[in-house]
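Written below as structure tokens is the structure these notes are about.
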Number of protein chains: 2
Amino acid sequence: MAESRDKTPAPDSGSSIPRAVVSRLSLYLRELQHLVRSGQETTSSNQLGPLLGFTDAQVRKDLAYFGQFGYPGIGYRCQELIQAIRGILGTDREWPVALMGIGNLGRALLRYKGFEQQGFRITAAFDIDSEKTGTTIEGVVVYDAAEMEEVVRRYGIQLGVIAVPAEAAQGTADSMVHAGLTGIMNFAPVTISLPDHVQQVGIDLAIELEQLSFAVVNRHDKR
Amino acid sequence: MAESRDKTPAPDSGSSIPRAVVSRLSLYLRELQHLVRSGQETTSSNQLGPLLGFTDAQVRKDLAYFGQFGYPGIGYRCQELIQAIRGILGTDREWPVALMGIGNLGRALLRYKGFEQQGFRITAAFDIDSEKTGTTIEGVVVYDAAEMEEVVRRYGIQLGVIAVPAEAAQGTADSMVHAGLTGIMNFAPVTISLPDHVQQVGIDLAIELEQLSFAVVNRHDKR
DNA sequence: ACATGTGAAAAAATTCACAGCA
DNA sequence: TGCTGTGAATTTTTTCACATGT
């Protein structure tokens, strides 16, 4: 909001962006928001990088994929960079999200407060258990999975979260694709296959603990 | 178990293992377990890789960091490779885990069934809310956070999970380090700093959705 | 014939280091 | 002076391709 001055960047052109760059972008965003809350108006690659364990050059190179956002001699204006990164990530708008599976994890996600702040709102939930369908949790209606296509269209939902048991994950994913979703976040500990036009992000909680286990057993890397 | 034959590997020597390699190892493990459940006894780099979207060479190179596990002309014996990867990741034993914070997410993690199968057991939970301390959830006692050091020592816990609000995360992390934990999985959406000898893995649910948002907005990579 | 393990080649990502602007 | 943006150098990771073992 407010602000102007056109140091308009070249919004990328040909080559595709490395995934690692995008994931650092999210970290920059989180840290910038933190800096703003603590009252800072500007920052620099040399402050931001080290806060996250990266070098200053890395920060600048990452941002350079998307344009020019800094001011030589000054650094970056936090609010401005936040807006820019939001634009890049696509979170400068609100995304309605569909949640599949109202088990322990599903309910926790429904109540999680961290999504809205970043532009995501769980708008509809689905389950196949008739004990659950028709109820409302945190103001979100739980529909029968059979209604997915209709509800997804009604709310213009593009993103969905899989929080069903592993055995049901692929089938659920297929329904989601059929209903028209184009991005799927999968918490089930299985590989799911999707058409090329549907994007996915997988989070396997046990795998994350395995990574931690490895790091602990092999601690000597001193990073 | 059983099995023998010493094609004993060189268990790595000098250089450190890329993180990406370790994370693929976990995926290989998950897929191998899936293959075994579907009755397969052996597999090959050329089957395993493509199942996960990698090349066969990548699979072989990754495994080669840790030793020789395959049989030319045959491939890999699933059970054997599973055991080997477990040994590498350190999940061939059981890890007691401490859980900090019994909010929505904490309770969901406590009830999550996917951990035990991979060698992790939440052994003790902690909170500061006196409404919660002293209760038992899923057979796990909720202690007051002040008892952390004593309980961690009693059970020989090394790994801990942070599921407290963002504002409390760094303080909780400090207590965990003080209590002697050496690996921390952090669900709070903030950067936490830890001494070098303490390992961490961070999971920020909103960030994962941001990654998905980016992928959907920029879908054209055709991977 | 089939599939591993691995040097060598290629590609990609990171770091360096500096010209240029505030 | 302070800090960005960026070519060039370096390091890391991935892919190739083939000798070797079954």
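Chain letters run A, B, ... following the sequence lines, proteins first, then strands; residues in each count from 1.
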Kindly write out the residues that satisfy side chain to side chain donor-acceptor pair (under 3.5 Å) with A/Gln170, not counting sequence neighbours, or none if the list is empty.
-> A/Asp174
Between the side chains of B/Arg60 and B/Ser45, is a donor N or O closer than 3.5 angstrom to an acceptor N or O?
-> yes
Distance (rounded to the nearest 0.5 Å) between B/Tyr155 OH and B/Thr123 OG1 | 7.5 Å
Do we see a donor-acceptor contact under 3.5 Å between the side chains of B/Thr91 and B/Gln118?
-> no
Quick one: which protein N/O atoms are closer than 3.5 Å to N/O atoms of nucleotides 11-14 of chain D? Pair and distance per line, please.
unit_1: D/dT14; atom_1: OP1; unit_2: B/Arg24; atom_2: NH1; d: 3.0
unit_1: D/dT14; atom_1: OP2; unit_2: B/Arg24; atom_2: NH2; d: 2.9
unit_1: D/dT14; atom_1: OP2; unit_2: B/Gln58; atom_2: NE2; d: 3.3

For nucleotides 19-21 of chain D, list the nitrogen or oxygen atoms of the protein found under 3.5 Å from its nitrogen or oxygen atoms, one pair per line.
unit_1: D/dG21; atom_1: N2; unit_2: B/Gly73; atom_2: N; d: 3.2

Nearest-Å distance for atom pair CZ/P, residues A/Phe54 and C/dT15 | 10 Å
Starting at CZ of A/Arg60 and ending at P of D/dG5, how long is that distance when rounded to a whole Å?
-> 8 Å
Where the side chain of A/Arg121 meets the backbone of A/Pro96, is there a donor-acceptor pair that is under 3.5 Å apart?
-> no
Would you say A/Ser213's side chain and A/Leu209's backbone share a donor-acceptor pair under 3.5 angstrom?
-> no
Measure the distance from CG on A/Asp56 to P on C/dT14 and round it to the nearest whole Å.
-> 14 Å
First locate atom CD1 of A/Ile82, then atom CG of A/Asp92, and finally report the distance between them rounded to the nearest 0.5 Å.
-> 13.0 Å
Should B/Tyr76 be listed as having a side-chain N or O under 4.0 Å from OP1 or OP2 of C/dC2?
-> no
List the steps, then state whether side chain to side chain donor-acceptor pair (under 3.5 Å) holds for A/Gln211 with B/Ser23.
-> CA-CA 7 Å; A/Gln211 300 296 301; B/Ser23 97; 4.9 Å; no
If you check every side-chain atom of B/Gln68, which of D/dG5, C/dC16, C/dT6 has the closest atom?
-> C/dT6
Between the side chains of B/Tyr28 and B/Gln33, is a donor N or O closer than 3.5 angstrom to an acceptor N or O?
-> no
Kindly state which residues belonging to residues 26-49 of chain A come within less than 4.0 angstrom of DNA chain D, counting heavy atoms of the residue only, listed by number.
-> A/Ser44, A/Ser45
Contacts of B/Arg86 that satisfy salt bridge (charged side-chain N to carboxylate O under 4.0 Å, His left out) - sequence neighbours left out | none
Which residues satisfy the ring-ring contact (aromatic ring centres under 6.0 Å, His included) test with A/Phe187, sequence neighbours excluded?
-> none
